[in-house]
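One structure is given here, and the rest of the page talks about it.
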Amino acid sequence: MQSYEYYAPRSLPDALEYLAENAKNCRIIAGGTDLIPALRNEDIHPAFLLNIMEIAEVGGISETEQTVRIGAITTFNDLAESGLIRKEFPILSEMALSVGGPQTRNRGTIGGNIASAAPAADGLPVFLSLDAEVELSSRRGKRNLPLNEAIAKAWTPAWGNDELITAIRIKKLPSGTRTAFYKLARRQAMARSRMTISLILRRDPAGIIEELRFVPGSVMPVPRRMEEIEKLLTGKVPTDELLDQAARAVGEEMVKVTGIRWSTGYKKPVLGNLFRIVLSQLITAG
Ligand SMILES: Cc1cc2nc3c(=O)[nH]c(=O)nc-3n(C[C@H](O)[C@H](O)[C@H](O)COP(=O)(O)OP(=O)(O)OC[C@H]3O[C@@H](n4cnc5c(N)ncnc54)[C@H](O)[C@@H]3O)c2cc1C
C-alpha cells in the first residue's frame with residue numbers, strides 16, 4: 001500500500017503553487033480512471049497527489065464568436081450533454097458517448113485523456129482533427145500550445161511538470177463543415193479502441209473537397225493528421241476511383257510510421273476500408 005500527501009484546493013493559484021513546490025514528485029489527479037489503477041498496480045510512486053476537480057477555472061464550457069473553451073475537468077458525460085458541443089462539434093459528442101461505460105464517462109475527463117497520451121485514447125485523435133490547442137497554466141503564467149506539439153510522444157506530454165492543462169481551445173468550424181467519428185472495438189462499451197476514424201469535411205457546391213482533415217486513432221504510437229491523404233483528396237471531386245486510391249494510400253501511410261508489425265495484415269486493409277466507408281457516408285449525407 002502506497003502513502004502520499006493529498007491536496008484538493010479550490011483555487012487555481014493554490015493548485016499551481018502546490019504543483020510548483022512539489023513538481024518533481026507530484027501527480028495531478030482528475031477523474032482518476034487512469035491514475036487510480038496505476039497507483040493500485042504500483043506503476044507510479046508519487047509523494048504528492050493534487051486533485052484538481054474542485055477548481056472552477058478548470059471546468060465549464062464557454063464560447064466566443066470564434067472559439068470554444070472546454071475546461072480540462074469536463075467529463076465525457078458533460079461533453080455528451082452539452083448543447084453547445086453538439087451544435088459546434090458533433091464529432092466530440094459522438095466520441096464522448098463511445099467512451100467506456102457510464103461510470104467511466106461520469107469520472108473520466110478530457111484533460112486526463114489528453115495528458116495520459118495513450119495511443120488508444122479516444123479524445124486525442126478527435127481533438128487533433130479539430131486542430132485544438134491546450135491551455136497550460138503554471139506559477140510562471142499561462143500559454144497555449146497546439147495539441148500536436150503538446151503530445152509528440154506516446155505516454156509523454158511535452159509540457160513541464162509544474163504545468164497543468166486548464167482548458168482545450170478549438171476554433172469554430174466554417175458553416176457547411178461535416179464531421180464524423182467512428183470507433184472499432186471488440187464490444188460497443190468498456191473496450192479500448194482497435195482503431196478510430198476522425199474526419200472533418202467541407203465541400204463546395206460543385207462537390208469539390210475544399211477541406212479534409214483525417215486522424216486515425218489507435219493505429220500509431222501517437223495519433224496525427226494524415227496530411228498526405230488530405231492533400232490527395234483536397235481540390236478534387238471524390239470519385240469512386242479516387243476514394244479507392246485514397247483508401248490504399250491510408251494503409252501505406254500507416255505502415256510508413258509503424259513499419260510492418262504482427263497486426264499489419266489486419267490493420268492496413270481495415271483502416272483504409274473504414275476510412276473509405278466513413279468518408280463516403282459523410283459525402284452522401286450532403
Ligand atoms: C473501465 C475503463 C474504460 C475506459 N474506456 C476508455 C475509452 O473507451 N476510451 C478512452 O479514451 N479511454 C478510456 N479509458 C481511460 C480513461 O477513462 C480516460 O483516459 C480518461 O479520460 C482519463 O481521465 P481522468 O480524468 O480519469 O484522468 P486521471 O486518471 O485523473 O489522470 C490521467 C493522467 O492525466 C494526468 N492529468 C489529469 N488531468 C490533468 C490536467 N488537467 N493537466 C495535466 N495532467 C493531467 C494525470 O496526472 C495522469 O497522469 C477507460 C478507463 C477505464 C478504467
Side-chain angles (χ1 to χ4, degrees), residues 4 6-9 12 15-16 18-19 22-23 25-41 43-55 57-60 69-80 92 94-128 134-138 142-143 145 147 150-151 154-168 181-196 198 217-218 223:
Y4 37 78
Y6 176 81
Y7 183 48
L12 184 59
L16 298 179
Y18 188 81
L19 194 55
N22 304 300
N25 226 344
C26 182
R27 292 302 289 249
I28 294 158
I29 180 166
T33 59
D34 279 327
L35 196 90
I36 298 284
L39 279 174
R40 286 232 178 99
N41 294 338
D43 298 334
I44 53 172
H45 302 274
F48 306 93
L49 220 57
L50 171 63
N51 183 335
I52 57 169
M53 291 301 273
E54 306 290 325
I55 305 170
E57 295 104 301
V58 191
R69 178 191 190 272
I70 311 173
I73 58 170
T74 299
T75 64
F76 293 107
N77 259 354
D78 296 334
L79 210 55
L92 274 180
E94 286 173 58
M95 178 278 293
L97 284 169
S98 83
V99 168
Q103 298 94 332
T104 309
R105 291 198 289 273
N106 258 330
R107 292 293 309 171
T109 66
I110 57 162
N113 195 259
I114 289 172
S116 74
D122 286 325
L124 209 44
V126 178
F127 284 113
L128 281 164
V134 285
E135 178 191 289
L136 295 166
S137 297
S138 71
K142 207 172 253 191
R143 66 184 177 125
L145 200 60
L147 185 53
I151 305 293
W155 310 110
T156 319
W159 55 81
N161 56 9
D162 64 336
E163 291 180 296
L164 60 83
I165 306 176
T166 32
I168 319 299
F181 174 76
Y182 184 86
K183 173 167 170 171
L184 183 72
R186 282 208 178 140
R187 291 170 288 163
Q188 282 304 309
M190 306 289 280
R192 292 292 175 131
S193 301
R194 291 211 146 200
M195 65 182 66
T196 63
S198 298
S218 294

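What you are looking at is a predicted structure, and each value in this text was computed from that prediction instead of being measured. Each ligand, and each atom within it, is numbered from 1 in the order the structure gives.
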Answer yes or no for Lys183: is there a heavy-atom contact with ligand 1 below 4.0 Å?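 Yes, that is the case, since the closest heavy atom of the residue is under 4.0 Å from the ligand.
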Relative to [atom], which among [options] owns the nearest non-hydrogen atom?
atom	options	answer
atom 36 (N) of ligand 1	Ala115, Gly217, Ala72	Ala115
atom 6 (C) of ligand 1	Ile168, Asn51, Val99	Val99
atom 33 (C) of ligand 1	Ala15, Gly71, Gly112	Gly112

N or O pair under 3.5 Å between [X] and ligand 1:
X	result
Trp159	no
Thr104	no
Gly123	no
Leu35	yes
Gly31	yes
Ile28	yes
Gly32	yes
Ile110	no

Using a 4.0 Å heavy-atom threshold (strictly under), name the region of Ala30 that reaches ligand 1: side chain, backbone, both or neither.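 For Ala30, the contact with ligand 1 is made by both the backbone and the side chain.
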Can you tell which part of Ile52 has a heavy atom less than 4.0 Å from ligand 1: side chain, backbone, both or neither?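 Within the 4.0 Å criterion, Ile52 contacts ligand 1 through side-chain atoms alone.
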Measure across Asp78 and Ile73 and return the closest heavy-atom pair with its distance rounded to 0.1 Å.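 That would be OD2-O, 4.2 Å.
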Among Leu16, Ile52, Leu19, Leu50, find the residue that satisfies the side chain to side chain contact (heavy atoms under 4.5 Å, CB included) test when tested with Pro9.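 When side chain to side chain contact (heavy atoms under 4.5 Å, CB included) is applied between Pro9 and each of Leu16, Ile52, Leu19, Leu50, only Leu50 qualifies.
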When rounded to the nearest 0.5 angstrom, what distance separates [atom1] in [X] from [atom2] in [Y]?
X	Y	atom1	atom2	answer
Leu79	Leu97	CG	CG	9.0 Å
Leu35	Ile44	CG	CD1	4.0 Å
Ile28	Thr109	CD1	OG1	10.5 Å
Trp159	Ile165	CH2	CD1	3.5 Å

Any side-chain heavy atom of Leu124 sitting closer than 4.5 Å to one from Ile114?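 Yes, their side chains come closer than 4.5 Å.
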Kindly indicate whether the side chain of Ile110, heavy atoms from C-beta on, has any atom under 4.5 Å from the side chain of Phe127.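 Sidechains of Phe127 and Ile110: in contact.
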Whether Arg105 side chain and Gly100 backbone form a donor-acceptor pair below 3.5 Å: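 Yes; at least one donor-acceptor contact below 3.5 Å.
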